[in-house]
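Below, read A as the first sequence line, B as the second, and so on, with proteins coming before strands; counting in each chain starts at 1.
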Protein chains: 2
Amino acid sequence: MARISQIEKTTPPSEVSGTEPQSVGFRQREKIIRAATGVFSQKGYDGARVEEIAQRAGLPKGNVLYYYKTKKNLYRVVIEQVLSLWLEALGDISADDDPCDAISKYIRRKLDLSRHYPEASRLFAIEIIGGAPVIGEHLRGRLRDWVAQKGAIFHAWQQEGRMAPIDPAHAFFMIWAVTQTYADFQAQIEAVISPADYDAEVYEKGAPGVTAALVRGLGLSSKKQPLR
Amino acid sequence: MARISQIEKTTPPSEVSGTEPQSVGFRQREKIIRAATGVFSQKGYDGARVEEIAQRAGLPKGNVLYYYKTKKNLYRVVIEQVLSLWLEALGDISADDDPCDAISKYIRRKLDLSRHYPEASRLFAIEIIGGAPVIGEHLRGRLRDWVAQKGAIFHAWQQEGRMAPIDPAHAFFMIWAVTQTYADFQAQIEAVISPADYDAEVYEKGAPGVTAALVRGLGLSSKKQPLR
DNA sequence: CTCACTTTTGACCGAATGGTCAACTTTCGG
DNA sequence: CCGAAAGTTGACCATTCGGTCAAAAGTGAG
């Protein structure tokens, strides 16, 4: 479950009103955000119509605008929430960890994210493809720092010969690309393998092999048997 | 040919008129397609405005609609052209090839595509994320067939122990994901590594390591030294 | 040059859509 | 039970945008 932590500067009608988990506004906002995530992720910002978001949320359009003053503002709230989800999932990778184990877990975490929040993943993708106009700053801030930090750990592992000598940043790009492709390119994958059950086929049958391939590709070894 | 074209109402200036490489129409169409690819790839179908496409092509809006009757039609032409490019690049992989060599070459081909046609890649991505409404049929047809055919080759390699036992289709998904991420997620990658020269940094410095990791991950071996 | 056809262009139109608003209803502390 | 604040609603407005059109300009064969 995604935490709906609403922290916005432009609080709708009056001050901090519908923010308390019990209030009517809170539930409405939740419904709206869920609907908006779905519509934005499929149509992109411009393609999404406020009217459609409202319908999905089971509310009249005017009510949606009541809570989130403008479409743009609503989009910002949604995309930032998705980013939070994404950044949380980055999780921890510690230098003391067993490389193979740590990265396997990380990959699993990312795959779970794709599996359970495919719309969020797609929305994120659309935002990036469009040049990340809204979350660009965050990427250049938090994400960049995270990569720099974890990259140092990778580097250490590489010095010890427990990871292949690949640029740490690119290692992440690979992992992200592969794990997210199952959410973002679901339509293509379905077209190619026509699974009866996408979820099972991909995340249960396919995932182990893919994870193994990534770990092998990154040359990750367990403590007991160092690389080469 | 003049009289014949008069009858057709649905096709702009007759489907066959502006098609000859020398005619005025041909060059105009070319300019329009180029402009449209750029705008569609950045804004998606709905976000793209015909007016903007026209401006980029250096033409009045009316002229664009003159050649491509509707925005939708223009989009179809553009996306199908992109798909052709994508399918062409699939190229040939033969059972007789050395696995390591063949896949390395294939990866390079895909990377070149991302490098030289990033907009096409992004447009393709947007189409897929949106559920592939226009090219879905093609994916279920040509692409699916291609994957089935090449998958058989992978299977043969695996029987010989020259490729890791990963589902062939997923092997392709991995390769596609990784190679396309450099075009599709350029904004994110730039945010993380702030390269002075994206092209050089990614495709010259980063590519070799990434290619190696993929090949290693897929457990591809040259003929001389079989896997395991 | 003439004539038939193609291409260009900007004015214009109707539909769609984001956003406003005022009237109305619900909620809830005191 | 009262009253103020929060929330609901649909009508309405202004703008945007895809598409049409007619008139003008270009083109090229005979």
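No donor-acceptor contact under 3.5 Å links the side chain of A:Lys61 to the base of D:dG10.
One can place CZ of A:Arg27 at 15 Å from C1' of D:dT8, the figure rounded to the nearest angstrom. Computed from coordinates, the B:Leu59 CG to D:dG18 P distance equals 16 Å when rounded to whole Å. The CD1 atom of B:Ile53 sits 8 Å away from the P atom of D:dG18 (whole-angstrom rounding). Rounded to whole Å, the distance from CD on A:Glu51 to P on C:dA15 is 18 Å. Taking atom CG of B:Asn63 as the reference point, atom C1' of C:dT8 lies 6 Å away to the nearest angstrom. Rounded to an integer number of Å, the gap from CD of B:Glu52 to C1' of D:dG19 is 18 Å. In this structure, the CD1 atom of A:Ile32 is 11 Å from the C1' atom of D:dG7, given to the nearest Å. Whole-Å rounding puts the B:Arg49 CZ to C:dA15 C1' distance at 18 Å.
Side-chain N/O atoms of A:Gln28 include none lying less than 4.0 angstrom from OP1 or OP2 on D:dA6. Note on B:Tyr67: a side-chain N or O is less than 4.0 Å away from OP1 or OP2 of C:dT8. The side chain of A:Tyr66 contributes an N or O atom lying less than 4.0 Å from OP1 or OP2 of D:dG7.
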- Item | Step-by-step side-chain contact (heavy atoms from CB on, under 4.5 Å) determination, B:Ile79 to B:Leu83 | CA-CA 6 Å; B:Ile79 192 75; B:Leu83 180 68; 5.7 Å; no

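Residue B:Ala48 is in sugar-phosphate contact alone, with no base atom involved, counting any heavy-atom pair closer than 4.0 Å across all strands shown.
Taking the six-membered ring where tryptophan is involved, the planes of B:Phe172 and B:Phe154 are essentially parallel, since the angle between them stays under 30° and well short of 60°.
A:Tyr182 and B:His170 form a side-chain donor-acceptor contact under 3.5 Å, judged by distance and modelled atom types alone. Side-chain contact, B:Ser194 with A:Arg144: a donor N or O sits under 3.5 Å from an acceptor N or O.
Comparing D:dT20, C:dG19, D:dC17 against the side chain of A:Leu65 picks out C:dG19 as the nearest. The side chain of A:Lys71 approaches C:dG19 more closely than any other nucleotide in the set D:dT9, C:dG19, D:dT20. Looking at the side chain of B:Thr70, the nearest of the listed nucleotides C:dG18, C:dT8, D:dG19 is D:dG19.
Evaluation of the side chain to side chain donor-acceptor pair (under 3.5 Å) test over residues 34-45 of chain B, restricted to residues two or more places apart or in two chains, returns B:Lys43-B:Glu52.
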